[in-house]
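The block underneath contains the structure these notes are about, expressed in structure tokens.
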Amino acid sequence: MSDSLPPKNSASMQPTAPDHSAGVRILARSFYKELRSSGYTPKHLLALSTELIELITLDLRKADAL
């Protein structure tokens, strides 16, 4: 009985982007805690989040225009 995996057919395999969701979640929580401990209020963080969303939206629009 063999424990080896079947050979991979590179023609049928599509590259996949790595899943960064856990890392992003950890980064967001760390960022939030750091900013809160530095004196930023929830309103400040909401304004920051709004600005980040706007910047991301601009990037996405630029990418769609290409």
Side-chain angles (χ1 to χ4, degrees):
M1 181 179 216
S2 174
D3 288 331
S4 64
L5 295 173
K8 294 180 180 179
N9 183 350
S10 60
S12 66
M13 294 182 63
Q14 294 182 0
T16 58
D19 182 10
H20 294 290
S21 58
V24 169
R25 191 175 311 110
I26 292 167
L27 179 62
R29 289 174 188 264
S30 297
F31 190 49
Y32 175 84
K33 288 177 185 177
E34 181 68 27
L35 291 173
R36 288 292 284 146
S37 69
S38 296
Y40 288 88
T41 67
K43 286 186 179 183
H44 292 132
L45 298 179
L46 185 58
L48 170 72
S49 300
T50 302
E51 183 64 25
L52 286 171
I53 290 170
E54 179 64 26
L55 292 170
I56 294 165
T57 301
L58 291 172
D59 278 350
L60 291 171
R61 286 182 182 155
K62 288 178 187 175
D64 284 346
L66 297 176

Any non-hydrogen side-chain atom of K43 less than 4.5 Å from a side-chain atom of L46? no
pair I53-T57: side-chain heavy atoms closer than 4.5 Å: yes
Show which residues join L35 in its hydrophobic cluster (side-chain heavy-atom contacts under 4.5 Å, direct or indirect), or state none. F31, Y32, Y40, L45, L48, L52
Please determine whether side-chain contact (heavy atoms from CB on, under 4.5 Å) holds for the pair R61 and D64, giving the CA-CA distance in whole Å, both sets of side-chain angles, and the decisive distance to 0.1 Å. CA-CA 5 Å; R61 286 182 182 155; D64 284 346; 5.7 Å; no
Looking at every heavy atom in both P42 and R36, which two are closest together, and how far apart are they? CD-NH1, 3.2 Å
